[in-house]
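A short write-up of the structure that comes next.
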Amino acid sequence: RNMIPEKTRLKRCPFCRSKKVNLVRVRNVGDEEIPYRYCVLCSKCHASGPAFALDKETYRLDSDVIALELEEKAVNAWNERPKSKKKKGA
């Protein structure tokens, strides 16, 4: 269940330049306290962005709103790129 609006674009993978990147929700098997985590994953080279976790107590409160916030954080973290420094005299 991906609640990020369609207009939100994921940037290409910074490692292999693939466009095959997806927002994923991963079930943490065997971890009762943190049932899900959200991150962006490249289908080609399997690079992933930082994971944002949803703990069990928060999940019970308002899971849809919290999940949307975590999805947005995962997308923003993936799309963030370091600013390139221009060389002097170039």
Non-neighbouring partners of Asn79 that pass side chain to side chain contact (heavy atoms under 4.5 Å, CB included), sequence neighbours left out: Leu10, Lys11, Val75
Cation-pi check, Arg27 onto Tyr36 ring (under 6.0 Å, within 45° of axis): yes
Least distance between heavy atoms, [X] atom then [Y] atom:
| X | Y | answer |
| --- | --- | --- |
| Ala51 | Cys39 | CA-CB, 4.0 Å |
| Arg81 | Cys13 | NH2-C, 4.3 Å |
| Tyr38 | Arg25 | OH-CD, 3.2 Å |
| Arg17 | Arg12 | O-NH1, 2.8 Å |
| Pro50 | Ala77 | CG-CB, 3.6 Å |

Any side-chain heavy-atom pair of Trp78 and Val21 under 4.5 Å: yes
Heavy-atom check, side chain of Ser48 versus side chain of Cys42, under 4.5 Å: no
Side-chain donor or acceptor of Arg37 paired with backbone N/O of Ala53 under 3.5 Å: no
Check against side chain to side chain contact (heavy atoms under 4.5 Å, CB included), Ser18 and Cys45: CA-CA 8 Å; Ser18 174; Cys45 74; over 6 Å; no
Cluster link Leu41 to Leu23, ILVMFWY, side chain under 4.5 Å: no
